[in-house]
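These notes concern the structure reproduced below.
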Amino acid sequence: MRASKFFMPTLKETPSEAEVPSHIYLLRAGFIRKVASGIYDFLPLGFRVLKKIENIVRKHMDEAGALELLLPILTPAELWKETGRWDVYGKELFRLKDRHDRDFALGPTHEETITDLVRKNIRSYKDLPFNFYQIQTKFRDEARPRYGLIRGREFIMKDAYSFDTSEQMAIKSYELMKETYHRIFKELGLNYLMVEADVGAIGGKFSHEFVVLAANGEAHIVYCENCGYAANVETASYEFELDRLPPEEEKPLEKVYTPNVKSVEEVAKFLGVDIKKVVKTLIYILDDGTAVAVAIRGDREVNETKLLNYFKALDAHLASPQELEELGLVEGFVGPIGLDIPVYVDRSVEDLHNFVVGANEKDYHYINVNIPRDFKPVEFVDFSTARKGDPCPICKSPLEETTGLEVGHIFLLGTKYSQAMRAYFVDKDGKEKPIVMGCYGIGISRLIAASVEQNHDKNGIIWPESIAPFRLHILALNTKDKNIMQTCEKIYEKAKQKGIDVLLDDRDISAGAKFKDADLIGIPYRIVVGKALKEGKIELQRRDGTLKELVDVSLTDNILEKIKG
RNA sequence: CGGAGUGUAGCUCAGGUGGCAGAGCACGUGCCUUGGGAGCACGGGGUCGCAGGUUCAAGUCCUGCCACUCCGACCA
């Protein structure tokens, strides 16, 4: 491709809408343009990267035996109502009506659609297993689109769905996808972690996320460098035995005056005790309106995902001051003793002795509280959020904490959708059984941003070879110099013959501008033809800075072979 | 959904107290120039987000709306 005939509108300045590196550089280098909040054009450069990522994903999915197909974006409400997700999915689901006033949704994911296809066309165990996938545009009416391609309202995903005759077989399909995902992310040149994850609203038995390590990611993960344990903090565990305080003899319960002392820090300071001996009692209101009390040690944070899963709730929120008042409670002085609300106790409080709690009375706390002498919990539950330094649940080494971008998520769905939609097959024993499903997503467009987050410097993008829009960038520094132009043309033609994706910058602009654009766009290999040609030399460079050398022009063939890789 | 901010040329932004709509970059033409976003000259380019109001006069003041961005809530 000749730059003079190509469309790559670069920007010298950063558009005010962009904050993070991937957004800034993808805009500036001419890969994307914004159409509306969370909605983008892919320009030729961006489209090339998109296609390269798609093809890598496609290759590995095909090799794993998955079958590509294409499902509609526009889906009838009836399908969503069958599984209840028309209501459950909430405002994130893009909804619209046709001229007959019938409800439709733009698909954010396709469990219902694919299950509908399968139930209509599969009858027997002999028809299974299958793994279907598609690469397609998805929609989510995000509350807050952000960071360019990282969180859009329209985005491109690869989604796959496996159908098996038993959970055992489904786990095999799941494991195969897990291996396939490792191959894909490795080939994409990403620094990533596979972590244990919560299934969230998709549902299912268990799941793993593939997280690209990046400062601007929304995924919080903990991991163990020693044994390899890694999990999203939503679901992460830790070895709490090691975090316990030594046993003590029980002292008599005592109510103490703590005027205007509310927060855990204030209470610990006021009473002169370790924050670990102050227990906070949090009142949550579940989505069905039920109030529950959660007692947790002062130094730990409640993990709301664990809370939702335990109570099988879709939503829960901390009681507001008004709600507390309606329950007859005083903000800052809530405690489990004499409480009408059922008290669930985090395991951090198990075996804790002589601790402090609110007295459910303004300006009073109890000290020397002990279980079960002073109150009886409904149950001890793991409600706490793991954090850096906690002992690994597997090997007890200190956990590390980091953030990343979720670019892949695999779920063992089980029979949630097949049962709801009656996708049954007749097994060998003649009995009708629900198909066991798995689903497997990869955020294709988000991967473009994820890669840039990991691969850039102050001058622009540094693409990994596998997904770069071009492999070789030839800079003709002076287009008026016939010798330079002829040399560039020769190199360009030879590169094309060898099947190298090559971009020749033959535009009549200053040398400096070409270097700036080249750095911004980030093509891995660069051949610079300029002044040194007078001595018969051209310059071979790598965008990542690992190579910059003058080479005799007669060695062009060797260089191109090397670049071809 | 709560909080904050922004909206003026393609981009980045300036336009106290109301009084002829600007700069840099980008763009066009010409000359000149070609190793890190060159120089000179001339030129084109505006529904000042939209609607209403106050006023002799509104980019500027008032009201409402819209869009975008950031923080938070939320986030298969």
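Hydrogens, waters and symmetry mates play no part in the numbers below; they use all other heavy atoms, side chains included. Proteins come first, then strands; the chains are lettered A, B, ... in the order of their sequence lines, and each starts at number 1.
- Using N1 to N3 plus N6-O4 or O6-N4 for Watson-Crick, or N1-O2 and O6-N3 for G-U wobble, each under 3.5 Å, B:A21 pairs with nothing.
- Taking atom CD1 on A:Ile484 and atom P on B:U34, their separation rounds to 11 Å, with Å as the unit.
- Comparing B:C75, B:C70, B:G35 by their closest approach to the side chain of A:Leu477 singles out B:G35.
- Rounded to the nearest 0.5 Å, atoms CD1 (A:Ile410) and CZ (A:Phe206) are 8.5 Å apart.
- With a 6.0 Å radius and a threshold of 12 heavy atoms from other residues, nucleotides or ligands, A:Lys537 has its NZ atom above the threshold.
- For the pair A:Leu533 CG and B:G35 P, the computed distance is 13 Å after rounding to whole Å.
- Judged by Watson-Crick or G-U wobble contacts below 3.5 Å, the nucleotide B:A51 has B:U63 as its partner.
- Here A:Phe163 and A:Tyr417 keep their ring centres 6.0 angstrom or further from each other.
- Between the side chain of A:Arg144 and the base of B:A73, no donor-acceptor pair under 3.5 Å is found.
- One can place CD of A:Glu19 at 5 Å from P of B:C70, the figure rounded to the nearest angstrom.
- For the OP1/OP2 pair of B:C74 and a distance below 4.0 Å, the side-chain nitrogens and oxygens of A:Arg151 include no atom meeting the criterion.
- Atom P of nucleotide B:G72 and atom CD of A:Glu218 are separated by 13 Å, given to the nearest angstrom.
- Looking only at atom types and distance, the side chain of A:Glu111 has a donor-acceptor partner in the side chain of A:Thr109 under 3.5 Å away.
- Between B:C13 and A:Ser16, a contact under 4.0 Å exists linking OP1 or OP2 to a side-chain N or O.
- Using the Watson-Crick or G-U wobble rule with both distances under 3.5 Å, B:A58 pairs with nothing in any strand shown.
- Counted by atom type alone, A:Asp159 and A:Tyr161 present one or more donor-acceptor pairs between their side chains at under 3.5 Å.
- Using cut-offs of 30° and 60° for the angle between ring planes, the A:Tyr192 and A:His182 rings count as tilted.
- Residue contacts shown for A:Glu539 include a base, since a base heavy atom lies under 4.0 Å away.
- When distances run from any side-chain atom of A:Ala143 to the nucleotides B:C74, B:U69, B:C68, the shortest one goes to B:C74.
- Here the separation of B:C32 from B:U69, taken at their P atoms, is 47 Å to the nearest Å.
- Pair assignment for B:G2: B:C71, on the basis of Watson-Crick or G-U wobble contacts that are both within less than 3.5 Å.
- Taking atom C1' in both B:C62 and B:G18, one finds a spacing of 13 Å when rounded to whole Å.
- Residue whose closest nucleotide on RNA chain B sits further toward the 5' end, between A:Asp508 and A:Gly441: A:Asp508.
- Here the two rings, on A:His208 and A:Phe210, have centers that are 6.0 Å apart or farther.
- Protein atom NE2 of A:His317 is 18 Å distant from nucleotide atom P of B:C1, rounded to whole Å.
- The residue A:Glu17 sits close only to the backbone: its heavy atoms come under 4.0 Å of sugar-phosphate atoms, none of a base.
- Side-chain N/O atoms of A:Tyr147 include one lying less than 4.0 angstrom from OP1 or OP2 on B:C71.
- Nearest to the side-chain atoms of A:Val528 among the listed nucleotides B:C70, B:G35, B:A76 stands B:G35.
- Look at A:Ser37 and you'll find a side-chain N or O under 4.0 angstrom from OP1 or OP2 of B:U69.
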Return a single string for nucleotides 36-42 of chain B, one symbol per nucleotide in 5' to 3' order, where B is base contact, S is sugar-phosphate-only contact and - is none, cutoff 4.0 angstrom on heavy atoms. BBS----
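- B:A73 and B:G36: their P atoms are spaced 48 Å apart (whole Å).
- Atom CG in A:Leu412 sits about 18 Å away from atom P in B:A76, given to the nearest Å.
- Remark: the separation of the C1' atoms in B:U55 and B:U60 is 13 Å, to the nearest Å.
- Residues passing the side chain to side chain donor-acceptor pair (under 3.5 Å) test with A:Gln454: none are found, sequence neighbours excluded.
- Annotation for A:Lys81: atom NZ counts as buried by contact number, over 12 foreign heavy atoms lying within 6.0 Å.
- For the C1' atoms, the distance from B:U54 to B:A58 is 10 Å, rounded to whole Å.
- B:A26 is unpaired under the criterion used here, namely a Watson-Crick or G-U wobble arrangement in which both key atom distances are under 3.5 Å.
- For A:Lys34, the listed nucleotide lying nearest its side chain is B:C68; candidates were B:A73, B:C68, B:C11.
- Among A:Glu92, A:Glu142, A:Glu406, the one residue that satisfies the salt bridge (Lys or Arg N to Asp or Glu O under 4.0 Å) test with A:Arg151 is A:Glu142.
- In this structure, of B:C74, B:U34, B:U12, it is B:U34 that holds the atom nearest to the side chain of A:Lys480.
- Between A:Phe185 and A:Tyr181, the ring-plane angle classifies as perpendicular under the 30° and 60° cut-offs.
- Heavy-atom distances to RNA chain B give each of A:Lys537 and A:Met157 a nearest nucleotide, and the one nearer the 5′ end belongs to A:Lys537.
- Nucleotides B:C13 and B:G72 have their P atoms positioned 22 Å apart, rounded to a whole Å.
- Atoms CH2 (A:Trp80) and P (B:A76) sit 13 Å apart, rounded to a whole Å.
- To the nearest angstrom, C1' of B:U34 lies 12 Å from CG of A:Asp505.
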Hey, what are the protein-to-nucleotides 28-31 of chain B N/O distances that come in under 3.5 Å?
none

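- As judged by a 4.0 angstrom heavy-atom cut-off over every strand, A:Asp481 is placed among residues making no nucleic acid contact.
- Side-chain contact of A:Glu196 with A:Asn232: a donor-acceptor pair under 3.5 Å is absent, judged by distance alone.
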